Amino acid sequence: MDVSFLGGPGPQRGVGVVAPFDFALDRELWRWTPDDVSLHVTRTPYVPVEVSLDLARVISEHETLRDAVSTLTEVTPEVVAYACTSGSFVGGVMGEHAMCEAMSRAGSVPAVTTSGALLEALVELDVRRLALVTPYTVSVTRALEEYVAQAGVTVTGCAYMSLTRQIWRVTYREVVDMARRAAARGRLGAADALFLSCTNLPTYDVIPQLEAELRIPVISANQVTMWAALRRLGTRAVGPYQALIDTSARSGTGIGTGTGIGTGTGTGSALPAAGPVVPTGSVLPEGQEPPDVRGVHGVSDAQGVSGVPDEKQQEGWT
């Protein structure tokens, strides 16, 4: 069939994506991308450090980000996005703002980060009380809680996995199980929304299922990144039955019950400040016995953390 009369593909708009060296979910980002937008993905240089606060700091250095954005200038993206949650919350809210400024100056285009996009999404959905799922260790998860607290958001419950590598191998079943535990009503009450953290955690297909089950908006790192980047282009992400993206999916999820996020400090940290990890199961409803987490999953609310004895990789879990 002769298709020469079509004159070639239509014009494209570009989103430049800076991802950590170990990012493995390029295909998930594309699922949120409309047909007339192309993603131009580059990665930060490899460093021999496991997922940790140290790694988050290394891959978010301004020089690293500027160099990465510079590699994208030839393809002229209209916006650049840093697709890394921990790397963009490790410096707090002010640190995230500085990262966006460094990237924007390097590419002469608007810039967003995953953690900055998270706060935008919480404003969009009017969220003040948030449940968290993370694949991180205790210390990295605590840093995320501190980040959202700076925006006046209370963490009502948290489940984490204590992984330090190959997070992309986590299955949907495991994500759903952790989400149910994090969102269970605890001493701090119910959450307005649930956040699935880490751009290396697969989430696209589980979001509608979890929203239907939990009756609250469910947002994820890759979802908010693409949603915020595409907003800068004046277009919409593709995500049927996902409350953040598809407004028709918001009815019945409880959206609109909060008062929006502001400034100042939050309360109700879901992780202990220090000391040994002790099993409590306190995130569960009263009268319900805690599940057998077998030392792999951590579940917490303001009373402490359970299930993970240390911050080492749980061998055999992935």
Side-chain angles (χ1 to χ4, degrees), residues 12-23 25-26 28-34 36-45 47 55-125 143-144 147-148 150-151 153 195 197-200 219-239 244-245 261 263:
Q12 70 170 9
R13 309 182 72 185
V15 174
V17 178
V18 178
F21 65 88
D22 64 345
F23 181 66
L25 295 182
D26 303 60
E28 181 160 283
L29 293 183
W30 277 99
R31 297 183 72 182
W32 276 291
T33 307
D36 61 343
V37 175
S38 288
L39 302 183
H40 310 299
V41 184
T42 189
R43 282 167 168 75
T44 61
V47 289
L55 177 63
R57 295 185 183 101
V58 169
I59 62 176
S60 62
E61 292 177 349
H62 289 190
E63 183 177 359
T64 298
L65 297 178
R66 285 193 294 263
D67 289 347
V69 171
S70 295
T71 68
L72 298 169
T73 55
E74 181 64 23
V75 293
T76 61
E78 296 179 49
V79 61
V80 290
Y82 180 43
C84 181
T85 321
S86 61
S88 52
F89 68 61
V90 69
V93 171
M94 295 301 295
E96 189 277 332
H97 290 168
M99 292 171 61
C100 284
E101 291 177 4
M103 294 170 64
S104 185
R105 286 196 300 269
S108 299
V109 293
V112 300
T113 74
T114 299
S115 295
L118 166 61
L119 298 189
E120 285 187 38
L122 297 183
V123 171
E124 172 74 13
L125 298 173
L144 174 57
Y147 175 79
V148 297
Q150 289 178 23
V153 176
F195 177 55
S197 188
C198 188
T199 54
N200 245 345
I219 56 179
S220 77
N222 284 329
Q223 180 203 47
V224 298
T225 303
M226 295 310 303
W227 169 79
L230 291 166
R231 280 182 109 188
R232 268 61 174 185
L233 298 187
T235 190
R236 295 176 59 184
V238 179
L244 177 64
I245 294 167
I261 65 174
T263 58

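Residue numbers start at 1 and run along the sequence shown. Just so we're clear, the structure is a prediction, and the values are computed from it rather than from any experiment.
Scanning both residues, Val37 and Trp30, for their nearest heavy atoms gives O-CZ3, 3.8 Å. Smallest separation of non-hydrogen atoms from Met103 and Val69: O-CG1, 3.8 Å. A pairwise comparison of heavy atoms in Trp32 and Gln223 identifies CZ2-CB, 3.4 Å as the closest pair. Taking each heavy atom of Ala117 and Val224 in turn, the nearest pair found is CB-O, 3.2 Å. Between Leu122 and Val153, the closest heavy-atom pair is CD1-CG2, 3.9 Å. Heavy-atom minimum distance, Glu120 versus Ala228: OE1-CB, 4.1 Å.
Using a 4.5 Å heavy-atom threshold, the side chains of Met226 and Leu39 count as touching. You'll find the side chain of Pro34 reaches within 4.5 Å of the side chain of Val238, heavy atoms only. Contact annotation: the side chain of Leu25 approaches that of Asn222 to within less than 4.5 Å [non-hydrogen atoms, C-beta and beyond].
Remark: of the listed residues Leu118, Thr113, Thr114, Leu119, Thr113 is the sole one forming a side chain to side chain contact (heavy atoms under 4.5 Å, CB included) with Glu96.
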Only pairs under 3.5 Å count here: list side-chain donor-acceptor contacts from residues 78-91, not counting sequence neighbours, and write none if there are none.
from  : atom 1 : to     : atom 2 : distance (Å)
Glu78 : OE1    : Arg13  : NE     : 3.4
Glu78 : OE1    : Arg13  : NH2    : 2.8
Glu78 : OE2    : Arg13  : NE     : 3.0
Tyr82 : OH     : Ile59  : O      : 3.0
Thr85 : OG1    : Cys198 : N      : 3.2
Ser88 : OG     : Cys84  : O      : 2.6
Ser88 : OG     : Thr85  : O      : 3.1
Ser88 : OG     : Ser115 : N      : 3.1
Ser88 : OG     : Ser115 : OG     : 2.9

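Here the CH2 atom belonging to Trp227 is positioned 8.5 Å from the CD1 atom belonging to Ile219, to the nearest 0.5 angstrom.
The backbone N or O of Ser38 sits nowhere less than 3.5 Å from a side-chain atom of Gln12 that would complete a donor-acceptor pair. Looking at Arg232, its side chain never comes within 3.5 Å of a backbone N or O of Ala111 through a donor-acceptor pair.
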Handout entry: Test side-chain contact (heavy atoms from CB on, under 4.5 Å) applied to Val58 and Thr44, step by step
Key = CA-CA 10 Å; Val58 169; Thr44 61; over 6 Å; no

Problem - Test side-chain contact (heavy atoms from CB on, under 4.5 Å) applied to Phe23 and Leu29, step by step - result: CA-CA 11 Å; Phe23 181 66; Leu29 293 183; 3.7 Å; yes

Exercise for the section: Please report the C-alpha distance between Leu72 and Val18 in whole Å, then the side-chain angles of each, then the deciding distance to 0.1 Å, and finally whether the side-chain contact (heavy atoms from CB on, under 4.5 Å) criterion is met. Expected result: CA-CA 9 Å; Leu72 298 169; Val18 178; 4.3 Å; yes

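Legend: side-chain hydrogen bond (donor to acceptor under 3.5 Å, both in side chains) pairs involving residues 59-71, not counting sequence neighbours, sorted by first then second residue: Thr42-Thr71.
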